[in-house]
Every structure is written in structure tokens, then in C-alpha cells.
Protein chains: 2
Amino acid sequence: MVTTDSSHFENILIALADPTRRQLLDLIALRGQATATTLATTVTVSRQAVVKHLTILKDARLVSSNRVGREVRYQVCPQQLSSTAEWMANLAADWDRKLEWIKRIAEEK
Amino acid sequence: MVTTDSSHFENILIALADPTRRQLLDLIALRGQATATTLATTVTVSRQAVVKHLTILKDARLVSSNRVGREVRYQVCPQQLSSTAEWMANLAADWDRKLEWIKRIAEEK
DNA sequence: AACATATGCAATAATTAGGTTGCACTTTCG
DNA sequence: CGAAAGTGCAACCTAATTATTGCATATGTT
């Protein structure tokens, strides 16, 4: 199964691997939408660090953004997350099948 | 929802985020079991690099190992992967609910 | 216009991740 | 026993990540 050449999911996994980014996702989901500046007041890191994290999240398409006047508002995108969950569940099922097959072979001897 | 303090899933996400580690998981799943030395012949990196990756995968409980004589054999563990997929799917669903709620509020004005 | 607020850009610094090499130790086999 | 095969440990290097600070630019407000 395609675990290796799934560079599409790689950005998502990298994005989710960082605790600060998960916290940001939580905050945005909780508020519906949020700006880098407001997020920076809650999180322990600087606004610029938040902006960098948001860029990574946006590249992974876990969030989208739209400009309203002078501010940039971010929202979460559940689609990418659910498709990654699906990919992961399929992978687990694939491993399971292979393990079952091996177990059966071992019992036949 | 608990996206932030899910350090349990963090190791798994970090483990899966690396392409070499995903390749190793693929190879182990394909063969049922494998040693660091045999894996190193397929992968482009050294045996020691493979060992380090396997350690990370084992910490994340994505693989288990057992010693047979002088060699250490690794197998994949689908459980952790499927539970992470579930966690991720729940998170996506949670985001979805919140977005729906916000949309409804917006339409009521 | 003047001031406050929000974002954008760039240089820099500290830490971590991924990888290498060399050598010692253990198990197997001729 | 002695050689081969597999693993374990440790030092070291490099590049990428995370975060910082300072300043410039754009937008809204009084």
C-alpha cells in the first residue's frame, strides 16, 4: 500500500506533529475563526511564531484564510483531517490483513 | 476537544511524518517481520539510521520487536495506527460540528 | 492628518532531527 | 577455536525547525 509516496499526507502529519500548532487549531476551531494577533495573546509564543505556524497549517490545507480589512482571519478545514484519518485507517486495515495472512501461514505448517 | 494535550498521539504523528519511517513500516508490513540489517539493504540510509528510526517507531508503538538469537525482529502494530485514525476522525467531526453551528448563527442575523 | 492596530518581511539565534562513522560485544557456524 | 553476521553504543556533523527581534507597510479611527 502507498505509505511511502503519500507526500500529500506528509504536510498534514508534519503540521499536526507540533503541539503549538495543535493548540492553534483547537483555538481556531473553538472560536470559529481567529487572527494571528489574537491567537498570539493566548499562546505562549510571539505573533511571528504564530504566523509561521499558520503558514504551515495553511500549506497543509488544515486551515484557510481570508482578509477582512486589515486583518487576516483563519478557519479550520475539517476535510483534510478526515481524509488523512481515512488514509490512516486503511493503512491499519492493510497491516491487519497482512498479519492475519502471516498468522495463517504459520499455523499451516 | 483535546487536540493539544494529546501527547500520546504526538509520538505517532512524529513517527509517521518522516518518509523513511513510512517506507520502513511498509517494508516490515510487507515482509511480516524484518531486522534492521535487512531493512538497511533496501533503504538508502545506513543500518544505524534505520535503527534510530525503528527506535522512534517502537516508542510510538507502531512496531514491536523480539529477539531471536543474535537478531532483533520487528513487526508492525496496527492498533496504534487505527486508534490515531479514530482520534483524527473524531477531531474532524468536532470541527465540522462547530463550523455548522457558526454557519447557522450567521444565517440567523 | 495623526495615531493606533494588524500584518509582512528579514536577519538572527538556539535547538532538534536525520545521518554518518568507528568500534565493541554477542551469537552462530565451519 | 576463529571467522562471520547481527546488534549496541557513542561521538560527531549538517541541515532543518522553532522562535526571537526590529522595522516597514497597510488599514482603520478619532
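First the proteins, then the strands, lettered A, B, ... as listed; each starts at 1. Side chains are part of it too, since the values below use all heavy atoms of this structure and drop only hydrogens, waters and symmetry mates.
- Side chains of B/R21 and B/I14 form a contact here, defined as non-hydrogen atoms less than 4.5 Å apart.
- Taking only distance into account, the side chain of B/R70 never meets the base of D/dT7 through a donor-acceptor pair shorter than 3.5 Å.
- At the phosphate of D/dA19, neither OP1 nor OP2 sits under 4.0 Å from any side-chain N or O atom of A/S46.
- Side chain A/K52 to base D/dA19: a donor-acceptor pair is found below 3.5 Å.
- Between B/D26 and B/R22, no side-chain nitrogen of the basic residue sits less than 4.0 Å from a carboxylate oxygen of the acidic one, so the salt-bridge criterion is not met.
- A salt bridge between A/K103 and A/E100 is present, with a side-chain N of the basic residue lying under 4.0 Å from a carboxylate O of the acidic one.
- Atom CD of A/E10 and atom P of C/dG18 are 10 Å apart (whole Å).
- The phosphate of D/dG8 has neither OP1 nor OP2 within less than 4.0 Å of any side-chain N or O from B/R47.
- Rounded to an integer number of Å, the gap from CZ of A/R22 to P of D/dT18 is 12 Å.
- Contact annotation: B/T44 does not reach the phosphate of C/dG19 (side-chain N/O to OP1 or OP2, under 4.0 Å).
- In this entry the distance linking CG of B/L39 with P of D/dG6 reads 12 Å, nearest Å.
- Below the 3.5 angstrom threshold, one finds no donor paired with an acceptor across the side chain of B/R73 and the base of D/dG6.
- B/R31 CZ: more than 12 foreign heavy atoms inside a 6.0 Å radius.
- When the P atom of C/dG18 is taken as reference, atom CG of B/L54 falls 13 Å away, rounded to whole Å.
- Distance CZ (B/R67) to P (C/dT26): 10 Å, rounded to an integer number of Å.
- Distance CD (B/E71) to P (D/dG8): 11 Å, rounded to an integer number of Å.
- Remark: B/H53 is not in phosphate contact with C/dA17, judged by side-chain N or O atoms under 4.0 Å from OP1 or OP2.
- For C/dA6, neither phosphate oxygen OP1 nor OP2 lies less than 4.0 angstrom from any side-chain nitrogen or oxygen of A/T38.
- Whole-Å rounding puts the B/L24 CG to C/dG18 C1' distance at 13 Å.
- Looking at the side chain of A/Q48, the nearest of the listed nucleotides C/dG8, D/dT7, D/dA19 is C/dG8.
- Each of A/G69 and A/I14 has a nearest nucleotide on DNA chain D; the 5'-most of these lies closest to A/I14.
- A side-chain contact (heavy atoms from CB on, under 4.5 Å) with B/L62 is found for exactly one of B/T84, B/V76, B/L16, B/I28, namely B/L16.
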